[in-house]
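Beneath this line is the structure, given in structure tokens, with notes to follow.
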Amino acid sequence: MPRTAASKTTKKRSKPYTVPSSDTDPAPSVSGKTKKSTKEEKDGKDQLFNKYANTSSGVIDPEGIEKLCSKLKVSHTDIKILMLAWKMKAERQGYFTKAEWRRALKALKVGTIKKLKKALPELEKEVRHPLNFADFYAYAFRYCFTGSTFRDQVDHFVDYLKIQNDYKVITMDQWMGFFRFCNEISFPDMTNYSLELAWPLILDNFFEWMRQKQA
């Protein structure tokens, strides 16, 4: 008996599978995110730089460094500022360019004054590592002591070291003391130097030697 149309089993045609849009949409580019993040970080560092930079010269000058030091709660003569200059690879004493600023903040992984302040003790530990200290020592003389600012102090100190036999090498504490001496003590009269203050013994001896020469 022939089957009627009504008796036929109607098979529903299945719809073609459609991939959800979330599967077909291209995933966000990881490199794109990285580029955006890097740009934001650079913009943040630049904005911070601009707070202390001279608007005319486009660099952080001595006045700007004093403002920066005030925010960091350190003296502009503090050795940590020289260490920061070392991290920047700053070429000119008392001036930080934007490129140098970016270099240091990137290396220290900081982007705010608060984070920079916290990074300074760690930077000092980094400098105290023997290999880093040798590089820092060479940089510091190139950056500071071979210029006109402290040339007189350096020349006299070198003359003193040549005629004595007590010191074969200069330790970091002695070197940091000499850097502080150059920044804080009037020279060559040294009227504000006091043997009662906590200066390294080598500087007390240097002071006495200078006094004898001036007598």
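Glu91 contributes no side-chain N or O that, together with a main-chain N or O of Tyr143, makes up a donor-acceptor pair within less than 3.5 Å.
In this structure, the side chains of Leu108 and Leu120 stay at 4.5 Å or more apart for every pair of heavy atoms. Inter-residue side-chain proximity for Arg128 and Phe133 is flagged as unmet; no heavy-atom pair is nearer than 4.5 Å. Lys98 places none of its side-chain heavy atoms less than 4.5 Å from the side chain of Arg103. The shortest distance between side-chain heavy atoms of Phe49 and Leu105 does not fall below 4.5 Å. The closest side-chain heavy-atom distance from Leu161 to Ile202 is below 4.5 Å.
A donor-acceptor contact closer than 3.5 angstrom is absent between the side chains of Asp173 and Thr171. In the model, Trp101 has no side-chain atom that pairs as donor or acceptor with a side-chain atom of Asp46 under 3.5 Å.
Within a 6.0 Å radius of CD in Glu63, no more than 12 heavy atoms belonging to other residues, nucleotides or ligands are found.
Note: Cys69 SG to Ile81 CD1 = 3.5 Å, rounded to the nearest 0.5 Å. Atom CG of residue Asn183 and atom CG of residue Asp78 lie 10.0 Å apart, to the nearest 0.5 angstrom. In this structure, NZ in Lys109 is found 12.5 Å from CD in Glu122, a value given to the nearest 0.5 Å. Distance check: Leu195 CG to Phe207 CZ gives 5.5 Å after rounding to the nearest 0.5 Å. In this structure, CG in Leu72 is found 5.0 Å from CG in Leu116, a value given to the nearest 0.5 Å. Between atom CZ of residue Phe157 and atom CG of residue Leu203 there is a gap of 5.5 Å, rounded to the nearest 0.5 Å.
Between Phe136 and Trp175, the distance from one ring center to the other falls under 6.0 angstrom. Checked against the 6.0 Å centroid criterion, the rings of Phe206 and His156 do not qualify as a close aromatic pair.
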Verdict with reasoning, Lys89 to Glu100, per salt bridge (Lys or Arg N to Asp or Glu O under 4.0 Å): CA-CA 6 Å; Lys89 298 181 181 177; Glu100 291 166 350; over 6 Å; no
Verdict with supporting geometry, Trp86 and Asn132, side chain to side chain donor-acceptor pair (under 3.5 Å): CA-CA 10 Å; Trp86 169 72; Asn132 291 332; over 6 Å; no
Derivation and outcome, salt bridge (Lys or Arg N to Asp or Glu O under 4.0 Å), residues Glu208 and Arg211: CA-CA 5 Å; Glu208 295 286 7; Arg211 278 282 182 250; over 6 Å; no
side-chain contact (heavy atoms from CB on, under 4.5 Å) evaluation trace for Asp61 with Tyr52: CA-CA 8 Å; Asp61 57 16; Tyr52 305 100; over 6 Å; no
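Taking the centre and axis of the six-membered ring of Trp199, the NZ or CZ atom of Arg180 falls inside the cone set by 45° and 6.0 Å.
Across all their heavy atoms, Cys182 and Gln153 have their closest contact at O-NE2, 3.7 Å.
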